[in-house]
Amino acid sequence: MSIDMKKYVEQIEKKFPEQSEFIQSVDDVLSSLGPVLERHPEWVKDKIVERLLEPEHMVSFRVVWEDDNGEPQVNIGYRCQFNGALGPYKGGLRFAPNVYPGLIKGLAFEQIFKNALTGLPIGGGKGGSDFNPNGKSDKEVMRFCQAFMAEANKHIGANIDVPAGDQGVGGREIGYLFGQYRKITGRYEAGVLTGKGVETGGLAGRAEATGYGIVFFIQNMLKANGDSIEGKTAVISGFGNVAWGTAQKLEQVGAKLIAFSGPDGYILDESGITGEKVEYMLELRASGKDICSPYADKFPEAKFFPGEKPWGVKADLYIPCATQNDVHLEHAKQIVANGCKYYCEGANLPTTPDALEYLQKNGVIVGPAKAANAGGVACSAIEMSQNAQLTVFSKEDVFERLEGIMKHIHDSSAEAAEEYGFGYDLVAGANIAGFIRVAKAMQAQGWV
Ligand code: 2IT
């Protein structure tokens with residue numbers, strides 16, 4: 001039996017033509033699943049794919065908050081609870097002006113398989129708002145978070161749905177959201193949100209976890225190809241939480257980071273981005289201006305290239321850590337022309353489908369985001385277990401577990417790809433390994 005996976009994608013495209021990130025994610029995941037469904041006709045019969053494509057719940061709500069001039073401001077809040085077969089819905093909140101239902105659904109769909117790959121008991125979700133945090137005062141951010149939680153609290157809970165941070169939502173925002181949840185409900189339910197500060201039940205090392213996990217994943221990917229990360233030059237995009245953790249870990253394992261970027265252009269620092277220069281990324285982010293050019297004023301050995309992406313810089317390893325649709329076909333061509341062998345996604349959905357196809361067709365080994373950046377959410381699940389046990393785990397314990405989880409994600413993705421005839425294709429393997437875990441749980445739970 002040969003199964004036409006395109007028909008599912010076409011149905012989604014027809015139903016939601018404007019939801020491009022959702023379509024892109026569905027297309028990517030389903031394109032690997034034909035051979036799996038051929039071996040599991042019972043999943044076809046039970047309509048596992050049709051059920052998987054429909055979110056279990058998706059809410060949107062009005063968020064009204066007061067700005068510093070005493071004026072009311074209006075935004076939209078979202079929470080997509082896509083699939084809860086493996087555990088409470090789990091995924092970040094994104095505050096950014098381009099947030100709309102198609103982006104939230106696309107990210108939530110990715111999150112289902114990412115969370116499944118961790119091997120931990122978490123379902124997939126995502127949420128956020130079109131609120132733009134750039135240029136807002138601290139009190140404006142606080143009032144926005146309080147207004148957001150005044151609605152969101154009705155939909156979340158430690159055993160229901162556990163949001164965390166994403167773009168525009170860090171430790172500060174999670175703190176404000178948690179304070180408001182506690183005030184509204186009257187319960188110290190620490191496990192309702194992850195990414196909290198350690199003083200509020202947060203996990204030591206959660207801030208670094210996504211970036212560290214990405215580098216652990218890359219180490220496994222290189223090892224499987226008889227190579228090692230030591231001495232490799234690397235280029236990343238972005239300067240947020242993921243970029244910062246990745247830069248720190250690259251230095252620790254003896255790789256040399258030479259470029260990073262912001263929406264305003266990119267920084268080239270051939271002397272190596274290490275130590276205080278990595279920590280300076282946090283200052284750039286905290287400035288609320290969303291620009292990286294001040295790095296070149298502070299460190300004169302660096303050069304700033306306005307309006308350009310960093311993908312033309314020659315390196316051994318490329319790691320997009322900024323945002324979705326960051327690497328287009330023209331960039332993939334530059335990356336291949338630079339003679340690169342390894343490309344690993346740090347951000348969610350950073351590579352356009354034609355760019356991904358070009359990289360893989362030209363022999364570049366690709367680490368997909370849903371596998372490579374799963375260390376963040378894996379540590380969120382560890383935070384949930386810390387809160388449930390009323391205990392505190394040490395940073396050393398967390399990083400040791402994280403390293404083991406990233407090896408498990410790499411190895412199970414590689415094995416799944418091999419088993420279903422894709423060779424060493426981690427993109428297909430991650431989709432397959434994640435899907436099989438979710439499909440088994442859905443099948444076990446009957447027609448719901
Ligand atoms: O994209 C992601 O995996 C996240 N933003 C983290 C989700 C989480 O629940 O920690």
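For the single chain, residues carry numbers from 1 onward in sequence order. Any value given below was found using the heavy atoms of this structure, including those in side chains, with hydrogens, waters and symmetry copies removed. Please read all numbers here as calculations on a predicted model, not as lab measurements. Order of appearance sets the numbers: ligands from 1, and atoms from 1 within every ligand.
If you check each of Gly125, Gly91, Ala347, Ser380 against atom 10 (O) of ligand 1, the one with the closest non-hydrogen atom is Ser380. Distances from atom 6 (C) of ligand 1 to the heavy atoms of Arg206, Lys90, Lys114, Lys126 show the closest one on Arg206. The heavy atom nearest to atom 8 (C) of ligand 1, out of those in Gly124, Ala164, Pro163, Gly195, is found in Ala164.
Put simply, the side chain of Tyr280 reaches to within 4.5 Å of the side chain of Tyr295, judged on heavy atoms.
If you number the atoms of ligand 1 from 1 as listed, the ones under 4.0 Å from a heavy atom of Gly92 come out as 7 (C). Ligand 1 places these atoms under 4.0 Å from at least one heavy atom of Asp166: 1 (O), 4 (C), 5 (N). Of all the atoms in ligand 1, the ones that sit under 4.0 Å from a non-hydrogen atom of Gln111 are 1 (O), 2 (C), 3 (O), 7 (C). Every atom of ligand 1 is numbered from 1 in the order shown, and the set under 4.0 Å from a heavy atom of Gly165 is 4 (C), 5 (N), 6 (C).
Checking Trp244 against Glu279 by side-chain atom types alone, a donor-acceptor pair falls below 3.5 Å. Under 3.5 Å, the side chains of Trp43 and Gln443 contain a donor-acceptor pair of N or O atoms.
A salt bridge between Asp227 and Lys232 is present, with a side-chain N of the basic residue lying under 4.0 Å from a carboxylate O of the acidic one. Salt bridge Arg62/Glu151: absent, no basic N to carboxylate O contact under 4.0 Å.
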